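Side-chain atoms are counted along with the backbone in the values below, which use heavy atoms only and exclude waters and symmetry mates. What you see is a predicted model; the values in this text were computed from it and never measured. In the text below, chain A, chain B and the rest are named by the order of the sequence lines, each starting its count at 1.
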There are 2 protein chains.
Amino acid sequence: MDRFVSTFTNKIDAKGRVSVPAPFRAILERDAYAAGESRGVYCYPSLDAPALDAGGERLAQKIDGLVARLPDYSDERDELSVALYGDVQVLSIDGDGRIVVPESLRAHAGLSGSVTFVGLGDKFQMWEPGRFEARRKLAREKVHEHKRLLGGGA
Amino acid sequence: MDRFVSTFTNKIDAKGRVSVPAPFRAILERDAYAAGESRGVYCYPSLDAPALDAGGERLAQKIDGLVARLPDYSDERDELSVALYGDVQVLSIDGDGRIVVPESLRAHAGLSGSVTFVGLGDKFQMWEPGRFEARRKLAREKVHEHKRLLGGGA
DNA sequence: TGGATTTTTATGGGCGTCAATGGATCGTTA
DNA sequence: TAACGATCCATTGACGCCCATAAAAATCCA
């Protein structure tokens with residue numbers, strides 16, 4: 001199973017378009033093909049970061065799974081649905097591998113000039129480059145702290 | 001199976017007409033075609049929110065299913081039937097993809113200038129934009145609280 | 001190994017189509 | 001005939017689609 005890895009930074013042009021990094025695109029395509037669905041990127045504001053979460057069909061099905069566990073027409077289901085489906089935007093990839101990020105999403109992540117794509121395994125995130133740099137630095141430090149806990153595995 | 005996803009906000013004109021977002025329309029059409037039924041939107045006041053629930057044939061059949069589970073002529077069945085069927089309006093979509101929301105429904109959701117369409121998987125809701133924003137915020141907080149319970153999925 | 005060539009990516013711009021919206025027309029009915 | 005509903009028409013702006021250029025990567029060949 002393919003995973004999103006590495007980070008790439010691309011520009012947003014005057015029309016709000018951004019190229020999805022080619023390696024990510026390849027994964028999305030295989031993913032969509034496997035699910036028999038049309039291509040499309042599912043994108044929503046990250047719950048705990050000034051960034052956007054995104055992924056393909058596999059991610060969409062994961063969300064379906066969460067909601068489907070709850071009984072039809074229950075309050076919990078409606079609430080969860082609003083938060084999960086309601087915030088999701090389906091971005092289509094044009095012939096040149098680009099997407100348009102709507103204003104509402106761009107605002108949440110503070111995106112303007114360029115975007116940093118960050119692979120996270122079964123999904124990826126989109127960050128304002130500056131903010132991501134800060135976050136990455138912090139993450140490095142934490143990893144360093146926890147390194148001994150990992151017990152020299154990989 | 002197609003799902004209603006994303007949110008869209010459209011205007012209500014002087015005559016009470018609103019454009020149904022094109023992606024939703026596409027789903028409704030496929031849905032109606034699959035069921036061999038004429039197009040039409042089933043719409044009723046949400047039971048637990050100042051909003052309207054709406055959907056196509058698939059939603060109608062789901063409601064049928066809920067009611068059918070209860071024994072014939074039971075009080076529960078009568079009550080549920082009234083609650084679910086009683087307030088349902090079948091709205092027709094005109095040639096330009098618009099529906100007219102009747103006054104009674106509009107009152108329940110407090111709709112006036114514009115409407116926010118919220119995809120919830122197998123149905124969608126129509127909200128007064130301001131109220132929806134509040135609801136969405138609340139829902140996100142709840143999801144955030146329960147995130148670990150959900151197994152870190154989304 | 002080094003250099004040349006071909007292929008993929010990223011990015012910018014132009015253009016046609018479709019969706020959203022407002023207004024007009026026509027028919028029906030009270 | 002006035003009011004309302006349904007169908008049709010027109011405008012505008014957004015979005016999808018195509019092409020052009022340039023940079024980078026991969027490939028090939030001497």
Item to check | Closest approach of A/L52 to A/S46 (non-hydrogen atoms, all atoms of both residues) | outcome: C-OG, 3.6 Å
Next on the checklist: So which atom in B/M126 and which in B/F124 form the shortest heavy-atom distance, rounded to 0.1 Å?
Outcome noted: CG-CE1, 4.1 Å
Checklist entry - For every nucleotide of nucleotides 24-30 of chain C, 5' to 3': is a protein heavy atom under 4.0 Å from its base (B), only from its sugar-phosphate (S), or from neither (-)? => result B------
Checklist entry - Among A/R58, A/K62, A/R3, which one satisfies side chain to side chain donor-acceptor pair (under 3.5 Å) with A/D122? => result A/K62
Item to check | Pair A/R17 + A/D96, salt bridge at N-O below 4.0 Å | outcome: no
Item to check | Exercise: identify the closest heavy-atom pair between B/A51 and B/W127 | outcome: CB-CE2, 3.5 Å
Checklist entry - What does B/V18 touch in the nucleic acid at a heavy-atom separation under 4.0 angstrom: a base, only the sugar-phosphate, or nothing? => result nothing
Item to check | Between P of D/dA14 and NZ of B/K11, the distance in whole Å | outcome: 11 Å
Item to check | Nearest-angstrom distance from the residue atom CD1 of A/I99 to P of C/dT9 | outcome: 16 Å
Checklist entry - Counting only side-chain N and O atoms of A/R25, is one of them less than 4.0 Å from OP1 or OP2 of C/dA10? => result yes
Item to check | Atom-pair distance (CD1 on B/I93; P on C/dT21), nearest Å | outcome: 15 Å
Checklist entry - For B/R131, what residues pass the salt bridge (charged side-chain N to carboxylate O under 4.0 Å, His left out) criterion, not counting sequence neighbours? => result none
Next on the checklist: Do B/D13 and B/R98 make a side-chain contact, defined as non-hydrogen atoms from C-beta onward lying under 4.5 Å apart?
Outcome noted: yes
Item to check | Interatomic distance where CG belongs to A/D13 and C1' belongs to C/dT9 [whole Å] | outcome: 15 Å
Next on the checklist: With a 4.5 Å cut-off on side-chain heavy atoms, are B/Y44 and B/I63 touching?
Outcome noted: yes
Item to check | Heavy-atom closest pair, residues B/T9 and B/T116 | outcome: OG1-OG1, 3.0 Å
Checklist entry - Could you write nucleotides 20-26 of chain D as a row of B, S and -, 5' to 3', where a protein heavy atom under 4.0 Å of any base atom gives B, of only sugar-phosphate atoms gives S, and otherwise -? => result -------
Item to check | Those residues that, when tested against B/D75, pass side chain to side chain donor-acceptor pair (under 3.5 Å) (two or more places apart) | outcome: none
Checklist entry - With a 4.5 Å limit on heavy-atom distance, are the side chains of B/P23 and B/F8 in contact? => result yes
Item to check | Earlier contact from the 5' end, DNA chain D, for A/G95 and B/R98 | outcome: B/R98
Item to check | Angle between terminal axes - the helix from C/dT1-D/dA30 to C/dA30-D/dT1, 5 pairs each end, rounded to 10° | outcome: 30°
Item to check | Residues in contact with DNA chain D, drawn from residues 105-115 of chain B - heavy-atom cutoff 4.0 Å | outcome: none
Checklist entry - B/F117 vs B/F24 aromatic rings, parallel, tilted or perpendicular, using cut-offs 30° and 60°? => result perpendicular
Next on the checklist: Could you tell me if the side chain of A/V82 sits less than 4.5 Å from the side chain of B/Q125, heavy atoms only?
Outcome noted: yes
Checklist entry - What's the CG-P distance between A/D94 and D/dC17, to the nearest Å? => result 8 Å
Next on the checklist: Heavy-atom count check: over 12 atoms from other residues, nucleotides or ligands less than 6.0 Å from A/R135 CZ?
Outcome noted: no
Checklist entry - Rounded to the nearest Å, what distance is computed from the CZ atom of residue A/F117 to the P atom of nucleotide C/dT9? => result 15 Å
Checklist entry - Within this structure, what is the CZ-to-C1' distance between A/F8 and C/dT8, rounded to whole angstrom? => result 14 Å
Next on the checklist: Does D/dG16 have OP1 or OP2 under 4.0 Å away from a side-chain N or O of A/S92?
Outcome noted: yes
